[in-house]
Asks: 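To start, I am sharing the structure in question, which I have written as structure tokens.
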Amino acid sequence: MTNTEIEQQTEEVVHVPVADYKMVTFSLGGKDYGVNIMDVKEIAKFSNFTYVPNTAPYVRGVYNLRGEIISIIDLRIMFNLPAAQKSVNQGENGLVLRSENGLVGVIVDSIDRVVAISSESIQPPHPIFGDINIKYISGVVEHEERLYIILDSKRIFWKEDEVSDAPEPPGTAAVEAQDSAVPAPVETGDFLAEGLAVVASFHVTGVNKVWYAQRRKDWTEQHGETQLAEPSEAADFLAPFYSPATDHLWPEAYAGAFADSLETDTSTIVNVLNPGCGAGYESYSIACALAMRYPEKQIKVWAIENDLLKVSSAPDIVVDAESAEHFAPFLTDGKRGRTFSPAIRDSILFEYGDIRNVSGLPPMDAVVMRDVVSFFPERTQERIFELIDEIVKPGGLVVLGSNEQPVNNDDLTEVVDEDFVAYRKRKDRQEPS
Amino acid sequence: MRVEYINPFVESAYNVLKEVLKSDVKRGELFLKSTSMPVLGVAAIVGLAGDVEGRVLFDMTADTATKVASAMLESMDMEPVDSLNEMARATITELANMITGQAVTKLHNLNFKFDLTPPAIFTGENMEITNPDVEALIVPIEVPMGKIEINVAVRERN
């Protein structure tokens, strides 16, 4: 047993859970569900409600609740669960929920009871939950050996337009929908962050929040609390974000620090993944830095970019001799100017592709993705980090932008060499069995 | 997909279509797709082997396929077709072969070694194609008879 496991156990012994969350439980299609009691106005039996034509199939009609007209929604139909047909006179079991748009009645199979639990025992939903779209689930909790799925009534009723959409196709599309359904943890009303997301597709998350907080302060002192509506404004805001030597060859010191920080193993090939390689300056810098440091090894840089315009010129890049002076041994004179030697060019594979779809790559000695993850929504950022975690060798290097940090990852330790900052993956990590 | 492969496919699709249809051909914005995608109705597929593994798929509706085949046949003084019969299918297969062949020739000149498999044609409704693990490059091409989508999915052999 490791130390952390013992710590966790002792923590559980001393910790007394407080039953601070009450939920009304009910069953749908034979499974147990719950909603926060604060969202429930009352438990009711609906009968004689009036059918309304031309509505979504899960809208059963309207109902007169002591003089107030409320809509009745059948949760079983909404979630594609089997619904027992009842005769007309028989009432339907249901709940009246409070929502922002007034009261809404929901029909369920049967109401169970009120259960008090500790809100700490609520676990986040697992993404493979099948029956109900994960965006409607706020958590899962076990109580007296029964597993309750807690529905988020706000999500269900506030986003009617999304609910009526057809079931999402599997794969990326579904993931993208989740991306949009889960807002980034930005303070509500932070127009700057919202503007950045819309105009520059820059997403403020744990990856860049340290830089953002400082930049926001400086920006509002100069410009006031304005919204970023124009791409040019967003570009001004983001100008200090970019790492040194973006869209240029790396200076000698930076390239050297990168090669120094890399710890290669006994294999004869050094593999580096370079997502978001742009016009290729970064990829060439990596290849040259490594070729200089490891002349006996074969260098392979996998450069991926989703902007076709930028990457299409990358294989035939022309550099000015001055900025590439320190890479001089790897330059030749081509027809159009100074270019990289065939050996360097052959070591880089430029691909038009999306980092989210990479597959079939060998384990990497390093991943260089400066100022890349910040331009994806939070969910995608998490997926990219998972992917990087899988693909980087133990002891391998992860290079992020100079204003970015990895989130929730204890396996990455910081490596600093003057201007150069990177993260090294733990070597002794136990692979989860 | 490797950057060097993109242009040969785009160029040869454009050139061949322009030549055989003798009409205006417009190229749409290229994009990437990794999930399964619906096939419009007629899909001609050519496999690629050699330095890479993958395939090229030419996707269009049955109506577009019939009209394109007719235009090609007429330009060679042959009878046009009014439905997707054997002649029409053979013509579309030949179109797929011409485009892929020209692209592969261009790639050979750039020192990439590709081999082709004989084209096959699929027709039907509600078809989908899935290439797990390979991103597909979509080249949408507008011709007067409708839209032809060229879907290239290749990856390097490691």
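In what follows, chains carry the letters A, B, and so on, assigned in the order in which the sequence lines appear, proteins first and then strands, with residues in each chain numbered from 1.
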Asks: Between B:Phe114 and B:Phe9, what is the ring plane arrangement, given parallel below 30°, perpendicular above 60°, and tilted in between?
Replies: tilted
Asks: Any side-chain heavy-atom pair from A:His203 and A:Phe376 closer than 4.5 angstrom?
Replies: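 SC-SC contact between A:His203 and A:Phe376 ruled out.
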Asks: Which of parallel (below 30°), tilted (30 to 60°) and perpendicular (above 60°) describes B:Tyr5 and B:Phe112?
Replies: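 Plane angle over 60°, so perpendicular.
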Asks: Would you mind reporting whether A:Glu305 and A:Ser283 have side-chain heavy atoms less than 4.5 Å apart?
Replies: no
Asks: Non-hydrogen contacts under 4.5 angstrom with chain A: give the residues of residues 134-151 of chain B involved, or none if there are none.
Replies: B:Glu135, B:Leu137
Asks: Are the side chain of A:Asn271 and the backbone of A:Asp365 linked by a donor-acceptor contact shorter than 3.5 Å?
Replies: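 No, A:Asn271 side chain to A:Asp365 backbone: no donor-acceptor pair under 3.5 Å.
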Asks: Measure distances from B:Ile6 to the heavy atoms of chain A and classify the residue's part below 4.5 Å as side chain, backbone, both or neither.
Replies: side chain
Asks: With a sphere of 6.0 Å drawn around NZ of B:Lys26, does it hold more than 12 non-hydrogen atoms of other residues, nucleotides or ligands?
Replies: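 No - once you tally the heavy atoms of other residues, nucleotides and ligands closer than 6.0 Å, there are 12 at most.
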